[in-house]
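One-based numbering, in listed order, for ligands and for the atoms of each. No hydrogens, no waters, no symmetry mates; every other heavy atom, side chains included, goes into these values.
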Amino acid sequence: MLEISRLVSGYSGIEIVRGVSLKVEKGEVLFVVGRNGVGKTTLLKTVVGHIRPVSGRIVIDGLDVTGWPPHAISRLGVGYVPQDRSIFTRLTVEENLRLAEGLNGEILREAFRLFPELEPLRYRRGGELSGGEQQILAVARALASRPKLFVMDEPATGLAPPMVRRIVEVVKRFTGRGASAIIAEQNPALVFQLADRIALMMDGEIAGIIMRDRLAESQQLLRSVLGLSYQDRL
Ligand SMILES: Nc1ncnc2c1ncn2[C@@H]1O[C@H](COP(=O)(O)OP(=O)(O)OP(=O)(O)O)[C@@H](O)[C@H]1O
Ligand SMILES: [Mg+2]
């Protein structure tokens with residue numbers, strides 16, 4: 001579904017992502033974890049077209065999309081939850097959702113069906129939502145158009161456990177239907193419940209990959225790198 005090869009990218013001459021190769025299969029959830037500033041967000045922004053790579057290749061569903069603009073990548077069925085959420089603060093929840101895919105009532109119903117807690121907030125402005133509510137709105141906006149690839153940058157930030165469980169449930173439902181996800185995240189509940197594989201990022205490179213069946217035995221490593229503990233998984 002997603003194949004990243006020898007990707008180099010960054011900001012005006014500064015290389016942040018330094019030769020990353022990763023694959024996400026159909027139906028798979030890959031987490032990218034690593035300390036602050038290692039380049040997780042830069043990697044995801046490059047995948048969705050917000051940053052043009054210096055070199056390397058990005059293939060989505062068999063199509064070489066390297067250098068494509070964000071709207072073209074989004075149209076392929078790629079849902080993106082940015083780390084800064086990018087909610088329009090002066091628009092209502094409903095308007096924010098409608099903007100995701102033009103004026104489409106279907107998307108709106110789907111968003112409220114996936115995240116019923118958003119419906120009572122429908123006419124509230126984005127700027128009047130709590131941080132957690134904004135986060136849910138950003139996730140709902142990305143998932144409601146039923147993308148085949150989710151790209152999520154710390155979707156569980158600021159969320160109480162019931163909402164983290166809701167995200168787990170929704171992502172599982174989508175991957176069960178063959179969708180794939182690449183998620184940068186530090187929240188242990190999300191990582192341990194959803195990860196098929198975990199890519200450890202260090203200093204712009206992938207230092208290692210942990211498979212799902214090795215999570216328990218790798219917890220020492222995960223704890224030392226991230227402060228994650230297998231015991232924290234719920
Ligand atoms: N717009 C920008 N211009 C220049 N440098 C940037 C820009 N955005 C990020 N950087 C730098 O790129 C490096 C990687 O940042 P990035 O946001 O990709 O890290 P991250 O792994 O997502 O961190 P975090 O866990 O804090 O979200 C950092 O040194 C950061 O200061
Ligand atoms: Mg980040």
- Item | Minimum-distance pair of heavy atoms, taken over all atoms of Ile60 and Val47 | CD1-O, 4.3 Å
- Query: Applying a strict 4.0 Å limit to heavy atoms, is Gln186 in contact with ligand 1?
  - Reply: no
- Item | Side-chain donor-acceptor pair present, Thr41, Gln83, cut-off under 3.5 Å | yes
- Query: So, does Ser180 use its side chain to make a donor-acceptor pair with the main chain of Gly27 at under 3.5 Å?
  - Reply: yes
- Message: With heavy-atom distances below 4.0 Å as the criterion, list the atoms of ligand 1 near Thr42.
- Response: 14 (C), 15 (O), 16 (P), 18 (O)
- Just heavy atoms, cut-off under 4.0 Å: does Met201 contact ligand 1 by side chain, backbone, both, or neither? neither
- Task: Identify, for atom 25 (O) of ligand 1, the protein heavy atom at the shortest distance, and state residue, atom and that distance.
- Result: Lys40 NZ, 2.7 Å
- Residue and atom name of the nearest protein heavy atom (relative to atom 12 (O) of ligand 1), distance in Å to one decimal: Ile16 CD1, 3.3 Å
- Item | Validation row: Asp153, Glu185 side chains within 4.5 angstrom (heavy atoms) | no
- Give every protein N, O or S atom lying under 2.8 Å from the Mg ion (ligand 2), naming each by residue and atom. Thr41 OG1, Gln83 OE1
- Item | Any protein heavy atom nearer than 4.0 Å to atom 31 (O) of ligand 1 | no
- Item | Cationic N near anionic O, under 4.0 Å, Arg165 to Glu169 | no
- Besides Val54, the hydrophobic cluster formed by Ile, Leu, Val, Met, Phe, Trp and Tyr side chains linked at under 4.5 Å, directly or via other members, contains Val8
- Query: If you look only at pairs with a residue in residues 54-72, which of them pass as a salt bridge (Lys or Arg N to Asp or Glu O under 4.0 Å), with sequence neighbours excluded?
  - Reply: Arg57-Asp64, Asp61-Lys148
- Query: Using heavy atoms and a threshold below 4.0 Å, how should the contact between Val38 and ligand 1 be classified: side chain, backbone, both, or neither?
  - Reply: both
- Distance to 0.1 Å, residue and atom name: give those for the protein heavy atom nearest to atom 26 (O) of ligand 1. Asn36 ND2, 3.1 Å
- What atoms of ligand 1 come closer than 4.0 angstrom to any heavy atom of Glu154? 25 (O), 27 (O)
- Task: Answer yes or no for Arg109 and Phe112: cation-pi contact, defined as NZ/CZ to six-membered ring centre under 6.0 Å and angle to ring axis within 45°.
- Result: no
- Any donor-acceptor pair under 3.5 Å linking the side chain of Arg212 with the backbone of Phe192? yes
- Message: Using a 4.0 Å cut-off to any heavy atom of Gln83, which atoms of ligand 1 qualify?
- Response: 27 (O)
- Is the closest heavy atom of Gly37 to ligand 1 under 4.0 Å? yes
- Query: Just by modelled atom types, is the Leu190 backbone N or O under 3.5 Å from a matching donor or acceptor in the Gln193 side chain?
  - Reply: no
- Query: Hey, is ligand 1 close enough to Ile14 that some N/O pair sits below 3.5 Å?
  - Reply: no
- Give the residue and atom name of whichever protein heavy atom lies nearest to atom 10 (N) of ligand 1, and the separation in Å to one decimal. Tyr11 CE1, 3.4 Å
- Query: For atom 17 (O) of ligand 1, what is the nearest protein heavy atom, given as residue, atom name and distance?
  - Reply: Thr41 CB, 3.5 Å
- Task: Only pairs at least two apart or in different chains count here, so list each salt bridge (Lys or Arg N to Asp or Glu O under 4.0 Å) that has a residue in residues 14-25.
- Result: Arg18-Asp203, Arg18-Glu205
- Query: Looking only at side chains, do Tyr80 and Ser86 share a donor and an acceptor under 3.5 Å apart?
  - Reply: no
- Query: Can a salt bridge be assigned to the pair Arg113 and Glu110 using a cut-off of 4.0 Å between side-chain N and carboxylate O?
  - Reply: yes
